[in-house]
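So the structure is just underneath, and the comments pick up after that.
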Amino acid sequence: MARTPQFPFFLLITFLLVTFFAVTALGKSSRPISDEEIKEKKGSCYADIESGLWGWKCKSSVIEKENCALQCLSPVCYELIYGSDPLEEGEKDYIRGQEYKYCMHKLSLGESLEGVKGSFDY
């Protein structure tokens, strides 16, 4: 009985592995997300909130809308920076705003978020 060559099977496996690693690498960027990209994505989040996709609560006040927009923009960064203490009416928290942006930059590069929270405390 003749043995069938394994070469085509080897090529198929190699192709699948290369494709897998190429697709996995697409999630990471060689540059951080730009402020302009953040602004565009946040604009889309505001549009979704205004259309009602995020529910009535997100339209109930300016600060609720902002909290929802930050969650929409990056649920991971929102939870890390604001999750235990959401923005409140009249609050301007520049330090946490910088931490949030730093978190988004690190996420866009596929880097660890360790040390993001508290990195801008003076």
Side-chain angles (χ1 to χ4, degrees):
M1 191 174 218
R3 193 168 170 191
T4 57
Q6 297 296 317
F7 188 70
F9 179 74
F10 173 76
L11 283 178
L12 176 64
I13 294 299
T14 303
F15 172 76
L16 291 174
L17 285 172
V18 168
T19 303
F20 171 77
F21 287 114
V23 169
T24 303
L26 287 177
K28 299 176 182 174
S29 174
S30 60
R31 64 169 184 78
I33 188 169
S34 70
D35 289 346
E36 187 61 33
E37 289 171 309
I38 291 172
K39 185 178 178 181
E40 287 175 21
K41 289 181 180 189
K42 197 170 186 183
S44 294
C45 288
Y46 283 133
D48 288 348
I49 291 165
E50 284 300 318
S51 73
L53 288 176
W54 282 75
W56 177 85
K57 183 180 180 198
C58 290
K59 293 173 70 173
S60 65
S61 73
V62 172
I63 206 67
E64 286 296 339
K65 184 177 181 179
E66 184 64 17
N67 279 317
C68 291
L70 291 169
Q71 277 183 291
C72 168
L73 190 56
S74 176
V76 171
C77 292
Y78 181 84
E79 186 59 35
L80 179 65
I81 306 300
Y82 297 102
S84 63
D85 185 21
L87 289 170
E88 297 173 2
E89 292 297 330
E91 180 181 13
K92 299 272 188 196
D93 194 333
Y94 297 107
I95 292 173
R96 288 196 299 168
Q98 290 301 312
E99 289 174 347
Y100 181 87
K101 192 186 298 187
Y102 181 49
C103 177
M104 289 195 62
H105 287 280
K106 288 186 72 107
L107 263 184
S108 69
L109 293 171
E111 295 180 4
S112 167
L113 300 181
E114 187 175 331
V116 169
K117 189 169 174 101
S119 61
F120 290 89
D121 287 342
Y122 297 110

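Given the structure is predicted, the values throughout are model-derived calculations rather than measurements.
Judged by distance alone, with hydrogens and angles left aside, the side-chain atoms of His105 form a donor-acceptor pair with the main-chain N or O of Ile33 at under 3.5 Å. A distance-only check finds a donor-acceptor pair linking the side chain of Tyr100 to the backbone of Leu70 [under 3.5 Å]. For Asn67 (side chain) and Leu87 (main-chain N/O), a donor-acceptor pair under 3.5 Å exists by modelled atom type.
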Quiz item: Step by step, would you call Glu88 with Ile63 a side chain to side chain contact (heavy atoms under 4.5 Å, CB included)?
Solution: CA-CA 6 Å; Glu88 297 173 2; Ile63 206 67; 5.7 Å; no
Quiz item: Where do Lys117 and Glu79 land on the salt bridge (Lys or Arg N to Asp or Glu O under 4.0 Å) test, with the steps shown first?
Solution: CA-CA 11 Å; Lys117 189 169 174 101; Glu79 186 59 35; over 6 Å; no
Practice problem: Applying side chain to side chain contact (heavy atoms under 4.5 Å, CB included), run through Met104 and Ser74 and close with a yes or a no. | Solution: CA-CA 7 Å; Met104 289 195 62; Ser74 176; 4.1 Å; yes
Exercise. Show the numbers, then the answer: is there a side chain to side chain contact (heavy atoms under 4.5 Å, CB included) between Trp54 and Asp48?
Key: CA-CA 7 Å; Trp54 282 75; Asp48 288 348; 4.0 Å; yes
Quiz prompt | Glu37 and Arg31: CA distance, side-chain angles, deciding distance, salt bridge (Lys or Arg N to Asp or Glu O under 4.0 Å) verdict | solution = CA-CA 12 Å; Glu37 289 171 309; Arg31 64 169 184 78; 2.9 Å; yes
Exercise. With disulfide bond (SG atoms under 2.5 Å apart) as the test, would you mind laying out the steps for Cys72 and Cys45 before giving the verdict?
Key: CA-CA 6 Å; Cys72 168; Cys45 288; 2.1 Å; yes
Quiz prompt | Full working for side chain to side chain contact (heavy atoms under 4.5 Å, CB included) between Glu66 and Lys42 | solution = CA-CA 10 Å; Glu66 184 64 17; Lys42 197 170 186 183; 2.7 Å; yes
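For Tyr94 and Glu99, the side-chain atoms include no donor-acceptor pair closer than 3.5 Å.
Between the CG atom of Leu73 and the CD1 atom of Ile38 there is a distance of 6.5 Å, given to the nearest 0.5 Å. Atom NZ of Lys57 sits about 12.0 Å away from atom CD1 of Ile49, to the nearest 0.5 Å. From Ser119, atom OG reaches atom NZ of Lys106 across 8.5 Å, with rounding to the nearest 0.5 Å. Of the inter-residue distances, the one linking Asp93 atom CG with Gln98 atom CD reads 10.5 Å to the nearest 0.5 angstrom.
The minimum heavy-atom distance between Pro32 and Ser108, with the atom names listed, is CA-OG, 3.3 Å. Summarising the geometry of Tyr78 relative to Pro86, their closest heavy-atom pair is OH-CB, 3.5 Å, with the distance given to 0.1 Å.
For Tyr102 and Phe120, the ring centers are positioned less than 6.0 Å apart.
By the 6.0 Å contact criterion, NZ on Lys41 is open, its count of non-hydrogen atoms from other residues, nucleotides or ligands being 12 or less. Shown here is Glu89, whose CD atom has more than 12 heavy atoms of other residues, nucleotides or ligands within 6.0 Å.
By the 4.0 Å N-to-carboxylate-O rule, Glu91 lies close enough to Arg96 to be salt-bridged with it.
Cys103-Cys77 SG separation is under 2.5 Å; the pair is scored as a disulfide.
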